[in-house]
Amino acid sequence: MDENDLNSDDEIAIDDDCYYDFFIKGDDPMDSEDAKSREGSGQKYTILNQADIRKRQEDVIAAISTVLSVSGATATILLRHFNWSVGKVHEAWFADEDVVRKRVGLLNYEKQLSDVNAGDRATCGICFDVYPRYRIFSVGCGHPFCRECWGGYISSAINDGPGCLTLRCPDVSCSAAADRDIIDMLALSDDDKKKYSQYLLRSYVEESKQIKWCPGPDCEYAVEFDAGGGGDDSWDVSCRCSYSFCWNCLEDSHRPVDCQTVSSWLSKNTDESETKIWILARTKPCPRCQKSIEKNGGCMHMTCNPPCRYEFCWICLGDWYNHETCNRYNEAADVEADKNREDAEKHVTKYTHYFDRWAANHSSRQKAIAEMQRVQSVQIRKLIETQGKAEYELLFITDAWEQIIGCRQVLKWTYAYGYYLPENEHTKRRLFEFLQGEAETGLERLHECAELELNQFLVDYGSPLEGFKEFEVKLKGLTMVTRKYFEKLVRALENGLSEVQVSGTEEIGQNFPMASAEG
Amino acid sequence: MQASRARLFKEYKEVQREKMADPDIQLVCDDSNIFKWTALIKGPSETPYEGGIFQLAFAVPEQYPLQPPQVRFLTKIFHPNVHFKTGEICLDILKNAWSPAWTLQSVCRAIIALMAHPEPDSPLNCDSGNLLRSGDIRGYQSMARMYTRLAAMPKKG
């Protein structure tokens, strides 16, 4: 983490190599050792654990506290109010300190306990008991409350949720802020203090614009993203909990496909899955405008809704006025009708094609993640026993699985991309399908090799099995080849398949023979 | 529990001592349960509630005064921020703007202020809120006055 801290604020260098980081990982055993320290030096994001977050938070608090000559607790209130932006605090404070103070409830004077209570005793405004001065406390506004009532007040606010971060004097019309120091001094239990400091930490992540929590299940890391870092415009982030997601839209990682496509695809999926079956079961598409029509009774003379208004026969889908009866079997007409239906179903079929592959890659990735955990926890240990290898000699296996997991993700999203790629851009489609096919074939070979061929070496025959070296060479080779294919695919999609011009002729297309294998 | 009881007892004594101090509010504690109170408040003058006596019921939680009391109208009232059927009151200080420095007495004062200054934009009684929002002040006033007469004034004869 040292390197992260050095780079903490504004300058996180970008180098292009690291952009393909997740593919490059694992060229040799040393490489994955380096992965952690590379985080932060090349990527546009930094993974923060609770301690890192706290450290950063304390750093900005200290910075404000020094520059404005206020206490750390006051600086905290100011920063929280201005979304933890040092710049905004400076700007507002130096523009008009009084306005800022008023807005966040900071007094710039220390009032004595109100005159009514002058003397050495005062009445608590909550329990109405009279106390000697030393048991009475006020946040500088002079409204007296006893320590016990303060404790109860604070505890009740903390248990109500993060609103306790803007705690004020309990007096009805007083806006004086009760800051972190007061909480520390007067909170009833350590539990309360702990909760308060947790809320404060969460506020730092949730209210600042550059940090977001990792949406992975049960993950406690946050990710700071340097959007101004230049370089590519990928938002993909890979958390230390192994969840990778898009920092911008918080969906699953979807490089090289953009957030917009992902969001339309995902909302399409929810729409389609719920209604598709129903539509297919009960409707026919209008032969002219292809809108789905449900027949809810009446005769066979159908009139489509305006603006289409097409009139047709429900049974044969033929034009109503060129049609007297359709009871006679007519081979030619049947072909025609089939064609109509085909057209109408085409979009459903097309969607189904892409959705099936998208979903298959999704579940295949989930399985690969589970498999990788098994590899790490069980199989590697077995291999050390049966093949007499050292752990570092077996890293190529986990590298292969990491590669599979990453590629499944990319491949999955290229199917959403493919669905939205305009059909009339033939050359682009051909290039896309060629690259995708190539990548997919490579990945299937790698996946199969990692999944099946490894098994034979897990059995303990008493002595190392021959052929392990060959297996190693093969798996490493497939890992590398697959990585290359996917790099190519990602690069091509990210620059919008610009290698081929829309005006390109078929000759260009011939450079990309159709993919030989599918699925 | 002990703290809330002690505080309520103090409020009780204060009410006894200053019985005549605020002629618009008459707070009464249940004989057997210090967590149950009722109040009679006078409808504020120059409002359609003028001349009416409204009864409020208080249910005080054990965490009082850290948590607000639950208050509702027992007397039927036509007011944008009071539920017409249940008498539930929509008032910020009874929810998230509560402060332990409020007392039952000051809550009554806040409710009287709410009667004089309805907030039609967060209505519990939509009919009433809509009349005010559409600018039909006369409509609202006559409805409110009618219910004040029907429900909040001693029946003659």
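Residue numbering restarts at 1 for every chain, and letters A, B, ... go by the order of the sequence lines.
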| Is atom CD of B/E50 surrounded by more than 12 heavy atoms (other residues, nucleotides or ligands) closer than 6.0 Å? | yes
| query | Any ion pair linking A/R56 and A/E224 (charged N to carboxylate O, less than 4.0 Å)? | reply | yes
| field | Contact origin within B/T103 toward chain A - heavy atom pairs under 4.5 Å | value | side chain
| query | Any salt bridge between A/E207 and A/R202, counting N to O under 4.0 Å? | reply | no
| request: Go through the atoms of B/Q63 and report whether side chain, backbone, both or neither lie under 4.5 Å from a heavy atom of chain A. | output: neither
| query | Given that the side chain runs from C-beta out, which part of B/P100 has a heavy atom under 4.5 Å from chain A: side chain, backbone, both or neither? | reply | both
| task | Report the option among A/A157, A/G152, A/G163, A/S155 that has the most heavy-atom pairs separated by less than 4.5 Å from atoms of chain B. | result | A/G152
| Residue B/Q141 excluded, over 12 heavy atoms near CD under 6.0 Å | yes
